[in-house]
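Naming: A, B, ... by sequence-line order, numbering from 1 per chain.
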Amino acid sequence: MENILEIKNLCKKYDNFELKNISFTLPKGMIMGFIGENGAGKTTTIKAILDIIKSYSGEIKIFGLDNRKNDKEIKEDIGVVLDDMFFPEILTPNDINNTMQGIYKNWDTKMFNDYLKEFSLLPNKQIKTFSKGMRKKLEIATCLSHHPKLLILDEPTSGLDPVARAEIIQIFQSILEKDDCSILFSSHITADLEHIADYITFINNGEIVLSKTTNELLDKYGIVKCTEKEFKDIDKKDYIKYKKSKYEYEVLIPDKKEFKTKYNISVIDKITLDDLMVLMIKGEA
Amino acid sequence: MIGFIKKDLAMIKSNFKLLGVLIIVYAIMGLMEKMDISFILPFMCVMIMISSFSYDNYNKWDAYSISLPNGRKNSVKSKYITTILMTLIVSIITIILSFIISYVNTKTINYEQILVTMFGTIFGTLLVLTIMYPIIYKFGVEKARIGIFLLVFGIVIVGSLIANFLDLSIVLKSLAFLEDYLIIILIIITIMMVCISYKISEKIFSKKEF
């Protein structure tokens, strides 16, 4: 399968934070949920992909091309929604349309105006008069209206109320039905991703903890709830992390089927991405 | 490239009303022979351009612009082109007003004076902005304000020290032969200033991280 995005051994060092050997690939036509808590390194990784940060080591290929050597060519086909970065708020959607006509070869004014109508955004109103949800919708309309092949979305639902979040997720779902587009979708709100992501890549403290298909994760991984005595019988090789609560142990296991054949513990819950994140970050090895 | 210029012009247009009011005030003051405030329009030009950096900074446009095709280069280039356009527009308005005011008040037109005013306006405006832009790109618009204050303060101090030690009349006399070429010299210096400033800003921005 052709890869739209390939990252190999990406490293970047700050005084108090470090990206360590980030590697993952996003196949064509797929959605990757890029999850991790705030400050885990999601935005830094995205900034490296887009060349917003420069002094990093490693290799980033987009559409098979080096992201730094082929900047213009690559960015013609990328749409981005970045956390808190956009056009100055004294501008209007009409100004954005005029600007983008002169930036993207494939800018589609009709498509942009259709999105404005669909999202009920007035073309002559300054961005500063829009609510947070409306701004996000405008950013989404802007990122989609040049027919991108890759969408890079950094926390597009962060700070929104549940209704606006659901609306935005629905917008992306409908785009996927229409276009053959790949998406890297970073979020710490994992519930947004469970239904739309084909792959989940989990970053913690600057390191990739896992990168797998969503089905594999949700079907194979599980949470065993057991007593202390039962937990002590479990081989360390058969679990990833565990968390001790007042009355029971919650144990993250990588393979429910295999576990059932080995142990006689009946309570194995399905995992959610939220559970996975909490156990991976807060659990003990 | 055109898109980036359109974005900068769209930002500036919100200041056009204020600019219009100032033009009227300038014209009235001049026609009533109350006061020559020809400095007001170039001053406004500087303020408008600096405020465009503040708006960019507030919404992190610079970082966003890098995600666009050729964003690193075009973002800086468009700022300089928009600045030159604005300076020319303001200078043309200033010259037309000087022309009208001079004719109405004295019934004569001092072409030489008007030309010197125009090139002086362009030179002065671009001098301030070309010094400011690399500082803004390096340190951000907020820190640059302090930087510019220190720079002007430094120039005044150094200038007055030089003036104390040198007899300026001798210097001026020795440069008198340049007077006939004043406009050409101003044009050459202005072009050089803009080019050098642009190259420095471009270099700073090409390495900048957000």
Check for me whether the distance between the ring centres of B:Y133 and B:F53 falls short of 6.0 Å.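 Judged by ring-centre distance (under 6.0 Å), B:Y133 and B:F53 do meet the cut-off.
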Is the distance between the ring centroids of A:F202 and A:F34 under 6.0 Å?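 No: the rings miss the under 6.0 Å criterion.
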Enclosure of B:F43 CZ (heavy-atom neighbours >12, cutoff 6.0 Å):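 Atom CZ in B:F43 is not crowded, with 12 or fewer foreign heavy atoms closer than 6.0 Å.
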Can you confirm whether more than 12 heavy atoms, excluding those of A:F17, are under 6.0 Å from its CZ atom?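 Buried by this count: over 12 neighbours within 6.0 Å.
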Could you please spell out the steps behind the side-chain contact (heavy atoms from CB on, under 4.5 Å) verdict for A:L122 and A:L116? CA-CA 7 Å; A:L122 293 173; A:L116 293 186; over 6 Å; no
B:T130 and B:Y80: side-chain donor and acceptor closer than 3.5 Å?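 There is no such pair between these side chains.
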So between chain B and chain A, what donor-acceptor pairs come in under 3.5 Å?
from: B:G3; atom 1: N; to: A:G102; atom 2: O; distance (Å): 3.3
from: B:K6; atom 1: NZ; to: A:N98; atom 2: O; distance (Å): 3.4
from: B:K13; atom 1: NZ; to: A:D95; atom 2: OD1; distance (Å): 2.9
from: B:N59; atom 1: O; to: A:F86; atom 2: N; distance (Å): 3.0
from: B:N59; atom 1: OD1; to: A:E89; atom 2: N; distance (Å): 3.0
from: B:I66; atom 1: O; to: A:K75; atom 2: NZ; distance (Å): 2.7
from: B:R72; atom 1: NH2; to: A:D51; atom 2: O; distance (Å): 2.6
from: B:R72; atom 1: NH2; to: A:I52; atom 2: O; distance (Å): 3.4
from: B:E209; atom 1: OE1; to: A:K12; atom 2: NZ; distance (Å): 2.9
from: B:E209; atom 1: OE2; to: A:K12; atom 2: NZ; distance (Å): 3.2
from: B:E209; atom 1: OE2; to: A:K54; atom 2: N; distance (Å): 2.6
from: B:E209; atom 1: OE2; to: A:S55; atom 2: N; distance (Å): 2.6
from: B:E209; atom 1: OE2; to: A:S55; atom 2: OG; distance (Å): 2.9
from: B:F210; atom 1: N; to: A:I52; atom 2: O; distance (Å): 3.3
from: B:F210; atom 1: O; to: A:K47; atom 2: NZ; distance (Å): 3.0

What option among [options] has the most heavy-atom pairs under 4.5 Å with chain B?
| options | value |
| --- | --- |
| A:I152, A:L91, A:I96 | A:L91 |
| A:I127, A:I90, A:I78 | A:I90 |
| A:V80, A:I52, A:I53, A:L50 | A:I52 |

How far apart are the C-alpha atoms of A:L150 and A:L26, what are their side-chain angles, what is the distance that settles it, and do they pass the side-chain contact (heavy atoms from CB on, under 4.5 Å) test? CA-CA 10 Å; A:L150 169 63; A:L26 170 61; 3.8 Å; yes
Just to be sure I understand the criterion: a residue of residues 186-195 of chain B counts if one of its heavy atoms is under 4.5 Å from a heavy atom of chain A. Which ones qualify?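 So far as heavy atoms go, nothing in residues 186-195 of chain B approaches chain A to under 4.5 Å.
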Minimum heavy-atom distance between A:P123 and A:P93, given as atom pair plus value: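 Smallest interatomic distance, heavy atoms only, reads O-CD, 3.3 Å.
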Evaluation steps, side-chain contact (heavy atoms from CB on, under 4.5 Å), between B:I95 and B:F99: CA-CA 6 Å; B:I95 197 92; B:F99 193 84; 5.7 Å; no
Hey, does B:F16 have a side-chain heavy atom less than 4.5 Å from the side chain of B:I12?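 They are in contact (side-chain heavy atoms under 4.5 Å apart), so the answer is yes.
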By a 4.5 Å heavy-atom criterion (distance strictly below it), what part of A:L82 contacts chain B: side chain, backbone, both, or neither?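 It is the side chain, since no backbone atom gets that close.
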With side-chain contact (heavy atoms from CB on, under 4.5 Å) as the test, would you mind laying out the steps for A:L144 and A:L151 before giving the verdict? CA-CA 8 Å; A:L144 294 173; A:L151 294 180; 3.7 Å; yes
